[in-house]
Amino acid sequence: MEQTARPKLIDENGRRLDGRGPTDLRPLRIEVSVLEKSDGSAYVELGKTKVFAAVYGPKEAHPKHLSLPDRAILNCRYHMTSFSTDERKTLGMTRREVELSKVIREALESVVFLEEFPRSAIDVFIEVVQADGGTRTAGLTAASLALADAGIPMRELIAAVAVGKVDGRIVLDLSDVEDKYGEADMPVGIAPRSNTIVLLQLNGKMTKDEFRQGLMLAQMGIQKIYQAQCEALRKKYESSMREA
Amino acid sequence: MEQTARPKLIDENGRRLDGRGPTDLRPLRIEVSVLEKSDGSAYVELGKTKVFAAVYGPKEAHPKHLSLPDRAILNCRYHMTSFSTDERKTLGMTRREVELSKVIREALESVVFLEEFPRSAIDVFIEVVQADGGTRTAGLTAASLALADAGIPMRELIAAVAVGKVDGRIVLDLSDVEDKYGEADMPVGIAPRSNTIVLLQLNGKMTKDEFRQGLMLAQMGIQKIYQAQCEALRKKYESSMREA
Amino acid sequence: MEQTARPKLIDENGRRLDGRGPTDLRPLRIEVSVLEKSDGSAYVELGKTKVFAAVYGPKEAHPKHLSLPDRAILNCRYHMTSFSTDERKTLGMTRREVELSKVIREALESVVFLEEFPRSAIDVFIEVVQADGGTRTAGLTAASLALADAGIPMRELIAAVAVGKVDGRIVLDLSDVEDKYGEADMPVGIAPRSNTIVLLQLNGKMTKDEFRQGLMLAQMGIQKIYQAQCEALRKKYESSMREA
Amino acid sequence: MSFIPLKERSFAVRIMNDKIYKLLQQGKRIDERSPYEFRKITIQTNVVEKANGSALVSMGSTRILTGIKVELGTPYSDRPNEGVFSVNAELLPLASKSFEPGPPDERGIELARVVDRCVREGKAIDLEKLCIVPGKMVYILYIDIYVLDYDGNYFDPSVMSAMAALATCTLPRYSAAGERLEGEYMRVPIRDVPLSATIGIIKDKVLVDPCSAEEGSLDTSIVIGMDSASNVVAIHKNSPGHIPLHLMESIIDIAEEQIGKMRALFREVVGVG
Amino acid sequence: MSFIPLKERSFAVRIMNDKIYKLLQQGKRIDERSPYEFRKITIQTNVVEKANGSALVSMGSTRILTGIKVELGTPYSDRPNEGVFSVNAELLPLASKSFEPGPPDERGIELARVVDRCVREGKAIDLEKLCIVPGKMVYILYIDIYVLDYDGNYFDPSVMSAMAALATCTLPRYSAAGERLEGEYMRVPIRDVPLSATIGIIKDKVLVDPCSAEEGSLDTSIVIGMDSASNVVAIHKNSPGHIPLHLMESIIDIAEEQIGKMRALFREVVGVG
Amino acid sequence: MSFIPLKERSFAVRIMNDKIYKLLQQGKRIDERSPYEFRKITIQTNVVEKANGSALVSMGSTRILTGIKVELGTPYSDRPNEGVFSVNAELLPLASKSFEPGPPDERGIELARVVDRCVREGKAIDLEKLCIVPGKMVYILYIDIYVLDYDGNYFDPSVMSAMAALATCTLPRYSAAGERLEGEYMRVPIRDVPLSATIGIIKDKVLVDPCSAEEGSLDTSIVIGMDSASNVVAIHKNSPGHIPLHLMESIIDIAEEQIGKMRALFREVVGVG
């Protein structure tokens, strides 16, 4: 890797490198029931970011001494393929993947009715096939759908997106290069019906005012993602209706 | 390590580097009950290849959730000492050792009456003291004897040997240098009484016809090894008779 | 690191590098009940050597198949912070730390009434904050106090110190530089009331006579440490009396 | 240590075994295939832009994603004129409830090594063309295989997916002095396209490409790898059980026929083979 | 894989939850603090002579020891003019019965990464001044954090302890040619002192610096890192549960106020900040 | 973390304990040895041709195989004129039902470190003669010990087997410029042959070389290493329990006597010592 000059990320017309305006999402594709063998699954593509999620359970918790008498445990693994990133990722879990598994698991825990399945386990697996920014939020969006697809009872869905500060502007849905050379990256996961935050992180520097702007922009993006989620679920139920 | 010129492996008279003809086994030595503390053990020496096997069990399976309600589990570890090979082998299990543990375990499973010991475990340990070609087949030969020595009920013994293609000829019982510079190495494990294959691998290139020849040659070699196995068991029972 | 000339460790007046005579201990500080959340704890400072010990238990043994039907198990971990030594210590347990965990655990086992807590576990954690020689003996001294502080019934306390051979002389309480450049290091752990050895190692070369001298010198040092231990416990009980 | 994995042996399983065998005797299978008919194969290449090469191969519901990343490095000292490749495989826990998260277990290692054997012994890559500066600088190809969805037989689609990713893999070019030639790219030099066929055996019957419902009922199974000249380049008996010696020749013949059909399909989609 | 840790949900716990919430409604807490009042903080620096820098920080009964070891190494190829630092954290089993011996679990990794984020994004260190020979030789700072005693909220005292150790850390000096200047030392060049405040949320109530008795009763909690200009430099929601969107602004305001008070204290003891 | 291994404490064991102690009071042992009599020792060298040196040592039914592999490498920077050796030990699961497969546990690590201590502190090897190019190129000796069969006391035969493998180990020769001298070989330069004696203690009684039936009944035990001049070079109390201080001198005397007898035997078979 050579030392790279920091590219100009937003041009004089307010266009980003990929032609988007500051408040545009990248092209979004959402599908559910994409994997045969899992109890529920989903695929989320946001620009070049491509993520699968699969759910197994509720099932017997294993080993038993980790099971809980009053509710299910929720296991979550966020993982990236070795070729998903510019530089080859080492096999095995990086510290970043461990952290993201935790924050995603905690976001999901907030909306699943775990109390309905004492002593059981629900496994959520997220696989990032290509990472071009916003993988944790795409992963959370997909995982929430996979849980719904598996028929796990939930208070509500979660939709998530990253916002950030790039060339001094608050923008929606950072790409990898914007994350790398931008000033701040803020992934946000929201439960839209209750209007509550279930995942929130910030990496970078923002004034309090920029933070407030960013949070508002995230809510806007999340509305769009949430609609796409609902649409994907509706399509699936219609097609399964048709089959029946 | 420098780049080495490929040696001539078979001379104009059809003699191999160690003086053998194409269908000759190396000097073979087989002993059973060679280790004091195990329930059964065996030692197999084939030329410079030297292998111990030991069996513990049937015994309580551990941890319990891996035990099976209707039969014993069979555990198997194929392992090499660090000084068994030309280059020092790293401590810990290599991927090759993991693979060979699996194929040997599966071969042994085929002949042991596991159903007679539900919820139990039988452990098979193979230690390669020196590796000069044919260690997995020598290990399987030794492990099968160690099981018999431990009094574990078996449908029949297993005998195993490698054949291969060297300087264009199909030969029996490859040495390390023949494996390294030859065209193909094919380890074969056979249950001689039922005339069935329990282990079969091929690494290299053979025509279909060469494959057929190789398999026939392996059967021939295996007959000799099987007789030596029976002889070793007979000797042991005679000596234990004499003691009693 | 450059090649270092071996320093002169004892001067013509019999003074050591830090001004001590051969039979002097370094300044000693002992405190008990220093950590809030453990069931018992202690801190030992001997010169620049600084060690914490904490005890949890008796508690349920985990996993259960490691528990013993007739007594408690005692777990022990001797661990050093990465910045405790001159060169940064790697994170994770070194082979040295594994060995010292074992010898300290075995010393402690000798004096704890484990039979009083069948099927339970007692955990002892030793953390070396700074290592300037004699960390295993300081750790054992602290661990023994932490057990007492936790109210675990013991036959008696253990006190420990290292002796060694430096510039041809038998000296008490080796510092790091004396251990590194000296001829021998001998850590000794003694149960003073029964006058028995519970930990003994030697690293280096001593004649039989020097060994005998060293063992006597260790007993002398241990008497002082033992008194400081008793004093620390007395202070703690007095202060808890006063509070009550 | 290798140990027997849990496998259902209930009454229901035995009924399934009987059914599968009876169908086979009539030349039929539970999913309406004939015994020597592999499932529908789809091959998509260049599915991951950040990889130098990639392919997604489905064989029925079994789906394999392979990606290749290229780095530069030094050659092995005993092969100073050759590039290097290494194969890794992960049985993702997304793909089956029988796969666990964590480092590859013996099945993942076995899969990687069988694919490696096919590629290496089948002389798929002209490794000498992957040498940039002899003894100093060569291409290193990391071929990483992920099982995304598992409905039996991950061997054959994995070999195929590795080959499809290799055949479409793009490398940055370097001068003989080891300087990067900006904007110039080359393909991985492919010499042959080895493929594999997995054969299942039940008593005296043989079938190809077992799905997971069938795998539980097989007596045993074996993977056969062949190059384009129908040389056998890899064999790997991959489960416990006996193969009657007299069946081996027909097993090889069946594998040859299957691989021929797969090769035609591969050539059609990928353009080589 | 991340999994839900055991957490008591007994009847006794529910009583505690009620009590804590009722007290909060009256502006009180179980340890007699007010909602926006952190526990007593003590900062000791240079506590480990063998470390280049070290600090022991207590926040109530929670005690954090940070030590820094300095080595020389090569810079990252994309940042040839900058020194390097890495943060590690261990939740020592001495500190709590809920901490296990062994390599850091997800909580230890999370702690290290949150501290790293505060230091890095808060631009605490002038990394260019840690470069000795560009592209060749830079200082590498290993910032290792040990939780010695754990009574809740290890984030804020860890950030503070890392900053105190950094601000008092001593480096051997080198010439521009990379030669050791015997007997010469320099300080780590500090540009800013980012600090953090952990905020707990129960229903519509908010409190700062939860102790461990409170942690079990929180709906959720969040760590906010800020630099000396009150820029937000790190956010990390660190437990399950919901934060009503309308609370976020006041959470940031409360964090700003707390961090301001902590900064005054830090400056008083350490002399910078 | 070190934890108490399972150890039988049944009624049968207590009867055995009594029996062993009563026999000892009469100067006898369960296997008909006298208290200060080690078991039959056999030493075979050069048992593994692919190793540079190797030895198989039996002490009764306990059997230890040591092999040495030699590589070239750089010396430690603080000892630029010395070769390097490292000792590893594995308690193979073949050897005893109490040994598990996997990386060495604390017993394997302890064994390796005790052998290392005897060899290093006993100055067994003239490390300066293992330097080829000062500061640049030295011999590195990997001394790897495998316990093949375990009937108690693996320490003494392991030290002996390491020394026998070292004393018969062959090294390829190099010129002072670091060039391989084809066909020329040299021996590892042996300066001394440290050996060890393991002493078991039951109440006021002492025995040497405990077999595994005795090990379970010992109060404690200790390994003493000595060089040829009867200097103590290593001590390692290796199990829980008390040693009355007044017994220590006689323990050292007994060890000296045993090691003397072992040394005579070693010299007879190996030719040095």
Side-chain angles (χ1 to χ4, degrees), chain A residues 1-4 61 65-66 68-79 93-96 98-111 114 121 123-125 155 183-184 186 189-191 194-208 210-212 215-216 219, chain E residues 1-7 9-10 75-81 88 104-114 116-117 120-123 135 194 219-220 222-227 229-249 251-253 255-256:
Chain A
M1 228 199 299
E2 301 103 70
Q3 196 173 11
T4 332
H65 69 93
L66 292 178
L68 299 178
D70 60 345
R71 64 203 153 113
I73 59 166
L74 187 93
N75 302 311
C76 177
R77 187 175 94 138
Y78 163 98
H79 185 255
M93 293 283 278
T94 60
R95 284 160 43 119
R96 180 179 169 277
V98 171
E99 180 195 335
L100 299 200
S101 296
K102 180 176 187 285
V103 296
I104 294 172
R105 191 253 301 159
E106 291 176 346
L108 295 172
E109 257 188 85
S110 313
V111 297
L114 295 171
D123 288 347
V124 178
F125 299 110
R155 275 180 200 83
E183 294 95 273
M186 182 164 83
I190 282 179
S194 63
N195 219 23
T196 55
I197 297 170
V198 290
L199 180 147
L200 184 61
Q201 297 187 287
L202 168 69
N203 215 356
K205 200 175 273 194
M206 281 186 178
T207 64
K208 281 168 57 181
E210 288 164 345
F211 167 76
R212 202 176 45 236
L215 201 55
M216 279 172 54
Q219 290 174 69
Chain E
M1 190 147 76
S2 179
F3 61 88
I4 300 182
L6 292 165
K7 200 171 162 182
R9 294 242 168 162
S10 65
Y76 289 117
S77 57
D78 57 342
R79 304 200 171 239
N81 301 312
N88 187 71
D105 67 1
E106 63 178 27
R107 293 174 297 173
I109 289 171
E110 177 186 47
L111 172 56
R113 286 178 60 84
V114 168
D116 184 289
R117 209 163 289 165
R120 197 173 301 278
E121 304 297 344
K123 313 243 180 282
D219 286 343
T220 188
I222 188 166
V223 186
I224 313 286
M226 286 185 169
D227 65 12
S230 290
N231 290 306
V232 190
V233 299
I235 298 181
H236 184 76
K237 178 168 176 290
N238 70 323
S239 60
H242 302 259
I243 305 176
L245 264 158
H246 65 84
L247 278 186
M248 265 321 297
E249 281 194 55
I251 286 171
I252 297 285
D253 290 340
E256 184 182 11

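When reading the values below, keep in mind they use all heavy atoms of this one structure, side chains included, and skip hydrogens, waters and symmetry mates. Keep in mind the model is a prediction, meaning the values are calculated, not measured. Below, chain A is the first sequence line, B the second, and so on; all start at residue 1.
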Closest non-hydrogen contact found for S110(A) with G241(E) is OG-N, 2.8 Å
In this structure, CZ of R120(E) is separated from NZ of K205(A) (nearest 0.5 Å) by 13.5 Å
Residue from V198(A), N203(A), T207(A) scoring the most non-hydrogen pairs under 4.5 Å with chain E is N203(A)
For C76(A) and M1(E), the nearest pair of non-hydrogen atoms, with its separation, is O-CG, 3.4 Å
From the list D253(E), L247(E), T220(E), the residue making the most non-hydrogen contacts under 4.5 Å with chain A is D253(E)
Of the listed M186(A), E210(A), R96(A), R77(A), the one with the largest count of heavy-atom pairs under 4.5 Å with chain E is R96(A)
If one checks every heavy atom of L200(A) against chain E at 4.5 Å, the contacting part turns out to be both
Whatever's closer than 4.5 Å to a heavy atom in chain E on L215(A) counts as side chain
Separation between CD (E249(E)) and CZ (F211(A)), nearest 0.5 Å, reads 8.0 Å
With chain A, the option among K123(E), H246(E), H236(E) that has the most non-hydrogen atom pairs under 4.5 Å is H236(E)
So CG of N238(E) and CD of E106(A): to nearest 0.5 Å the spacing works out to 7.0 Å
Honestly, the part of D219(E) sitting under 4.5 Å from a heavy atom of chain A is neither
Rounded to the nearest 0.5 Å, the CD1 atom of I190(A) sits from the CD1 atom of I243(E) at a distance of 10.5 Å
Interatomic distance, OG@S2(E) vs CE@M93(A), rounded to 0.5 Å, equals 8.5 Å
Honestly, the part of L108(A) sitting under 4.5 Å from a heavy atom of chain E is neither
d(L245(E) CG, T196(A) OG1) to nearest 0.5 Å is 7.0 Å
Applying a strict 4.5 Å limit to non-hydrogen atoms, the region of V103(A) in contact with chain E is side chain
R95(A) and A112(E) have their tightest heavy-atom pair at NH2-CB, 3.5 Å
The interface call for I222(E) against chain A, heavy-atom contacts under 4.5 Å, is side chain
Turns out that what part of R212(A) lies under 4.5 Å from chain E's heavy atoms comes down to side chain
request  = Apply side chain to side chain contact (heavy atoms under 4.5 Å, CB included) to the pair L202(A) and R117(E), showing each step before the final yes or no.
outcome  = CA-CA 9 Å; L202(A) 168 69; R117(E) 209 163 289 165; over 6 Å; no
When the 4.5 angstrom heavy-atom criterion is applied to Q219(A) and chain E, the contacting part is side chain
- Task: Apply salt bridge (charged side-chain N to carboxylate O under 4.0 Å, His left out) to the pair E106(E) and K102(A), showing each step before the final yes or no.
- Result: CA-CA 7 Å; E106(E) 63 178 27; K102(A) 180 176 187 285; 5.2 Å; no
If one checks every heavy atom of Y78(A) against chain E at 4.5 Å, the contacting part turns out to be neither
